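Model, not experiment: these values are computed from the prediction. To find a chain, count down the sequence lines: A is the first, B the second, and so on, and within it residues start at 1.
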Amino acid sequence: MTSLKQTEEKWRKKWEKAKIFEANPDPTKQKYFITFPFSYMNGPLHVGHGFTATRVDALARFKRMQGYNVLFPWAWHWTGETIAGASERVKNGDETLIRAFREMDGVSEENLKKFVDPVFMAQYYTDDSRESVKRIGYSVDWRREFTTTSLYPTFSKFVEWQTERLRKKGYIIKGTYPVVWCPHDQSPTGDHDRQTGEGVVPEEYTLMKYRMLDGTFLPSGTFRPETIYGITNIWINPEVDYVKADVNGEKWIISQTAATKLKEQQKTVKILDTFKGREIIGKQFTSPFSDRKMLILPGWFVSPDNATGVVYSVPAHAPFDWLALRDLQNNPDLLKDFNIDTETVKQIQPISLITVEGYSEYPALELVDQLQVKDQHDPKAEEATKTLYKKEFHGGILKQICGKYAGKQVNKVKDLLIQDFKEQGIADQMYDLPESVVCRCMTPCVVKLLEEQWFIKYSDEKWKQKTKDTLAQASIYPNSARQWFLNIIDWLKEWPCARKSGLGTPLPWSPGWIVETLTDSTVYMAFYTINNHLKKHCITAEQLPPEFFDYVFYGKGESKKLSDQTNIDPKILKEMQNEFQYWYPLDMRISAKELLPNHLTFFLFQHTALFPDNLPRAVGVNGMLSIEGKKMSKSKGNFITLKDALNQFGADATRCALLLGGEGMNDPDWRKETVGDVKGKLRGFQNLAYNIIDNSKQQKTGHLETWLTSMLQHRIKIVTENLDALKTRTALENALFEVWNDFRWYMRRAEAFDSKILKEALETWARLLAPFLPYMCEEIWSKLAHTDFVSLADWPVYNPKQVNVEAEETENLVKNVLEDTSNILRATKMAPKEIYYYSAASWKWKAYLIALKKSTTGILAVGTLMKELMADPELKPVAGKVAKFAKGITQEINRMPEDMKHKQLQIGALDEATLLEQAEAFFGREFNAKIHTYREDDEQIDDPQRKAGYAKPYRPAIYVV
RNA sequence: GCGGGGGUCGCCGAGCUAGGUCAAAGGCGCAGGCUUCAGGAGCCUGUCCCGUAGGGGUUCGUGGGUUCGAAUCCCACCCCCCGCACCA
């Protein structure tokens with residue numbers, strides 16, 4: 001007996017030898033180009049990749065069988081900093097990571113040592129993963145395989161072309177943006193590189209510049225610059241270190257930490273003096289909008305780490321300010337140390353500047369009372385602040401006191417106001433982190449204004465609009481993902497497209513920058529269409545100037561001239577151009593939903609920009625696989641590599657288990673136990689198939705054969721439709737289980753499986769399953785005496801002519817009678833000796849059909865129905881019975897779905913008595929009893945309990961003894 | 001907080017965009033039976049509750065509402081998952 005592994009191996013070799021998945025342009029065939037986003041090679045492929053990729057492959061195989069010329073290529077992503085980072089961590093002896101490599105990925109000690117070289121690591125995982133991709137049976141054209149980065153120079157040339165062209169179109173711009181920055185690493189610190197502070201982003205404060213009497217500025221950070229109209233004083237923490245510094249030529253007083261921060265934000269900071277906050281408390285200052293002199297007061301709640309450490313006070317609208325002021329007014333002792341006149345402080349009145357529904361003139365006061373906040377140190381102060389901020393931001397209207405902004409809603413006018421203030425020179429800005437962020441290297445991070453960065457201008461409104469058009473013309477599976485795309489397109493802004501470190505392609509026009517990973521992976525599918533030629537003809541990177549790609553992708557220039565330039569044969573150039581034109585646009589791209597907000601949307605954007613005549617036709621999105629109900633995580637040990645799954649369960653079971661897990665955007669779950677069950681199930685299928693092949697030799701063409709063929713048509717239809725809609729789970733569920741149930745029922749009814757029809761049905765069945773479990777299906781296909789591959793066999797086509805509604809309804813009748821009888825036996829707990837079936841009298845059928853007909857043309861009501869029935873000479877004599885019967889069926893028929901009515905009308909009167917008679921042997925077998933069947937209106941009827949009268953069409957009466 | 005997807009009879013999951021054939025498909029698990037030169041095979045039945053005649057009762061996150069009729073439509077609320085940018 002050959003093992004599963006050997007069988008897989010055998011077919012894989014045959015496929016490879018026959019090159020059946022190598023796709024070349026063929027103008028006589030319709031093409032289908034489908035891709036899976038190349039995966040990042042800092043680890044082996046896992047079952048999560050397997051889930052998405054199996055959907056891709058199932059679709060590829062399905063389309064191939066339908067006669068499409070299918071191209072399914074594969075490549076590997078090496079770009080970025082993660083591989084380099086991991087390699088670095090191995091070098092530094094990071095035990096957790098090393099253990100993960102060793103235990104999860106199964107890397108040998110010897111290879112592990114070589115992981116200090118990032119390239120080795122990437123190559124190792126690429127080779128390892130390629131093996132898995134082959135073993136699981138993906139129908140890939142490997143001639144087009146490549147890896148990214150400058151280590152694959154021809155691809156790098158493609159990326160150069162891509163970025164150059166984007167730049168030419170004005171989609172790549174230079175800019176300065178705030179980032180979370182590690183002063184030690186001298187690089188931005190992304191979420192994954194953080195020890196603490198995940199998800200923290202820089203926030204922009206507006207610095208309102210208040211002037212002291214000597215001309216020194218007190219820049220006070222705020223998110224609510226509109227409140228400047230309600231300022232009463234400034235808070236300084238007396239215990240904290242402040243500096244006086246020369247900042248861009250002005251004298252500023254700020255906290256010491258703020259001074260350090262500002263240095264990273266394009267400000268020249270020269271510290272002139274350092275002192276405790278208390279030293280300036282009691283001094284006076286003015287607001288830019290008035291000459292009113294105000295006081296600097298002590299505020300212990302002020303944090304030096306928050307913006308500038310200088311806070312201006314708006315007690316009417318800021319709970320903290322009110323509390324701090326109240327504390328001083330109620331407790332003048334606090335002022336003792338500061339040489340401040342307590343009376344002056346007591347006279348400070350809140351100034352109201354915002355009207356907000358549901359609050360009085362001084363919302364902060366009201367809220368503090370409501371929440372019973374004790375003082376500025378009470379944690380409830382924070383809550384009050386947040387509540388009020390939200391309320392005033394969304395619903396607040398500025399009052400008369402706010403000059404030209406009066407009457408405006410706060411959230412509508414805020415941006416304008418900031419801009420105005422900056423232009424007037426009374427405001428500046430500063431970035432800061434709302435929570436502390438610490439880098440993996442344990443250095444606390446700051447905000448840095450990174451200069452001269454390269455960005456992709458996803459913020460471009462026209463580009464956004466065009467990308468929406470791209471989306472509109474594409475099919476999206478499931479369609480509910482479409483709205484998500486739209487939101488992301490709107491939400492995207494400038495994307496930094498180059499980095500200083502890691503693997504990748506150098507930015508052609510700016511040395512030192514490397515094209516970032518989400519940018520070099522947006523349109524690379526175009527590269528697949530020519531890479532086979534590049535490899536075959538040993539074309540080098542030097543031969544690939546941008547003009548080359550312009551020629552291939554845009555048909556620009558002349559092959560002859562380009563040939564002179566590149567030293568590539570014009571014929572080959574033409575061939576590549578043709579091949580690109582043949583395959584593009586992409587017909588389908590499928591990914592997990594985590595890539596939707598970035599990769600997939602970028603993919604749409606860039607195709608819109610670079611390939612406007614070749615826009616992607618469809619995008620499929622699926623959920624994310626969890627393991628044993630929990631999120632997959634390598635570091636937590638909750639991780640299954642594709643290789644492990646294949647070793648344990650084989651390719652077919654792995655594929656099926658993955659696909660049966662879920663579809664749409666639902667997150668499927670990988671459960672070891674379930675996969676094992678699936679494997680057992682598949683073996684059962686195989687046994688059944690072999691059994692059929694060995695035994696199905698008799699030519700039979702009875703009712704049951706008609707039924708089986710008919711049912712199969714529905715299965716074909718539903719599997720095809722669902723695959724077309726990328727509903728892989730439903731498709732497989734029907735192809736495997738529903739078809740199986742049909743076979744079961746057939747065999748149960750026929751009591752033998754020697755009919756040739758089974759083998760014919762199996763031919764269809766194997767083909768329906770081939771996209772899902774290709775190895776087993778090839779094996780069965782060959783045992784069915786086929787010499788070709790099932791992978792290339794014709795996909796079964798739904799044939800309405802083979803649908804036989806009557807056969808189906810007959811079997812439904814049998815099933816219903818079987819069920820009703822069982823139910824009676826269960827309820828009565830009888831062991832039957834004899835069972836009597838009585839089919840409905842012919843007058844009932846007549847009345848029933850009339851009622852059915854009536855209900856399809858209008859409203860069915862007992863009264864009108866009776867009138868019609870009584871016009872019939874056959875029914876009139878039994879008027880009493882008809883009336884009773886009509887009442888019952890009217891109710892029943894009115895609840896029946898339309899298509900069922902039509903079906904029954906199409907069939908007309910069933911000869912139930914004969915059908916039941918024919919099934920007597922079957923019922924007898926099932927119930928181990930003697931079966932009698934009569935017509936209700938039979939003269940010779942044997943009806944000891946007078947049950948026959950209960951008979952209805954499709955519902956024979958039953959009597960059990 | 002914002003955006004997206006969800007909450008269905010032990011588990012996984014259909015159905016819910018077009019309300020009635022829905023006690024609600026299918027798979028798994030479990031229980032009982034059959035079959036079997038016992039093998040993690042196959043077949044049948046059952047698996048919300050009740051029931052000595054094919055039936056009845058109570059269910060589809062919670063609470064309301066619309067309707068002759070709601071898992072399906074409307075409103076409010078609760079809970080879970082995913083994404084939210086210099087990162088693959």
Checklist entry - Across the strands shown, which category fits A:Gly680 at heavy-atom distances under 4.0 angstrom: base, sugar-phosphate, nothing? => result nothing
Which atoms of nucleotides 49-52 of chain B (N or O only) lie under 3.5 Å from a protein N or O atom, and what are those distances?
residue: B:U52; atom: O4'; partner: A:Ala827; partner atom: O; Å: 3.2

Checklist entry - Contact class for A:Pro832 vs. all strands (heavy atom < 4.0 Å): base, sugar-phosphate, or nothing? => result nothing
Checklist outcome for this item: Applying the 3.5 Å cut-off to both distances, the Watson-Crick or G-U partner of B:G54 turns out to be none
Donor-acceptor list for residues 674-687 of chain A side chains, cut-off 3.5 Å, not counting sequence neighbours:
residue: A:Lys679; atom: NZ; partner: A:Gln648; partner atom: O; Å: 3.4
residue: A:Gln686; atom: NE2; partner: A:Tyr690; partner atom: OH; Å: 2.9

Next on the checklist: Taking any heavy-atom pair under 4.0 Å as a contact, classify A:Val201: base, sugar-phosphate, or nothing.
Outcome noted: sugar-phosphate
Next on the checklist: What's A:Asn741 touching, base or sugar-phosphate or nothing? Going by heavy atoms closer than 4.0 Å.
Outcome noted: sugar-phosphate
Checklist entry - Which part of the nucleic acid, if any, lies within contact of A:Lys727, taking any heavy atom under 4.0 Å across all strands shown: a base, the sugar-phosphate backbone alone, or nothing? => result sugar-phosphate
Next on the checklist: Just the rounded figure in Å: distance from C1' of B:C11 to CD of A:Glu628.
Outcome noted: 12 Å
Checklist entry - side chain to side chain contact (heavy atoms under 4.5 Å, CB included) between A:His714 and A:Asn734: does it pass, once the steps are laid out? => result CA-CA 10 Å; A:His714 299 301; A:Asn734 278 279; over 6 Å; no
Checklist entry - For B:A14, does OP1 or OP2 lie under 4.0 Å from any side-chain N or O of A:Asn734? => result no
Next on the checklist: Is the shortest side-chain heavy-atom distance between A:Ser591 and A:Val621 below 4.5 Å?
Outcome noted: no
Next on the checklist: Applying the Watson-Crick and G-U wobble criteria at under 3.5 Å, what pairs with B:C34? Answer none if nothing qualifies.
Outcome noted: B:G42
Checklist entry - Does a nitrogen or oxygen in the side chain of A:Thr517 sit under 4.0 Å from OP1 or OP2 of B:A88? => result yes
Checklist entry - Hey, is the side chain of A:Arg748 poking within less than 4.0 Å of OP1 or OP2 on B:U45, counting only N and O atoms? => result yes
Item to check | Sub-4.5 Å side-chain heavy-atom contact between A:Lys833 and A:Val960 | outcome: no
Checklist entry - Reckon A:Leu518 touches a base, only the sugar-phosphate, or nothing at all at heavy-atom distances under 4.0 Å? => result base
Checklist entry - Is there a side-chain contact between A:Trp765 and A:Leu688, using heavy atoms and a 4.5 Å cut-off? => result yes
Checklist entry - When you check the phosphate oxygens OP1 and OP2 of B:C28, does a side-chain N or O of A:Arg671 lie under 4.0 Å from one of them? => result no
Checklist entry - Cation over ring, A:Lys593 on A:Trp484, under 6.0 Å and within 45°? => result no
Checklist entry - For A:Ala957, which contact category applies under a 4.0 Å heavy-atom criterion: base, sugar-phosphate, or nothing? => result base
Checklist entry - How is A:Ser39 classified with respect to the nucleic acid when contacts are heavy atoms under 4.0 Å: base, sugar-phosphate, or nothing? => result nothing
Checklist outcome for this item: Pairing partner of B:G10, by Watson-Crick or G-U wobble and under 3.5 Å for both distances, is B:C28
Item to check | Short side-chain N/O contact to B:G26 OP1/OP2 from A:Lys681, under 4.0 Å | outcome: no
Next on the checklist: Need one value for A:Glu733: base, sugar-phosphate or nothing, where a base atom within 4.0 Å counts as base even if backbone is also close, heavy atoms only.
Outcome noted: base
Checklist entry - Rounded to the Å, how far apart are A:Leu492 CG and B:C2 C1'? => result 15 Å
Checklist entry - Are side-chain heavy atoms of A:Lys464 and A:Leu492 found at a separation under 4.5 Å? => result yes
Checklist entry - Expressed in angstrom and rounded to an integer, what is the separation of A:Arg744 atom CZ from B:C44 atom C1'? => result 11 Å
Checklist entry - Which residue, A:Phe923, A:Tyr838, A:Tyr836, forms the ring pair (Phe, Tyr, Trp, His ring centres under 6.0 Å) with A:His932? => result A:Tyr836
Next on the checklist: What contact category does A:Thr674 fall into here, base, sugar-phosphate, or nothing, at under 4.0 angstrom with non-hydrogen atoms?
Outcome noted: nothing
Item to check | Sugar-phosphate, base or nothing in reach of A:Glu819, heavy atoms under 4.0 Å | outcome: nothing
Checklist entry - For the side chain of A:Asn487 and the base of B:G3, is some donor closer than 3.5 Å to an acceptor across the two? => result no
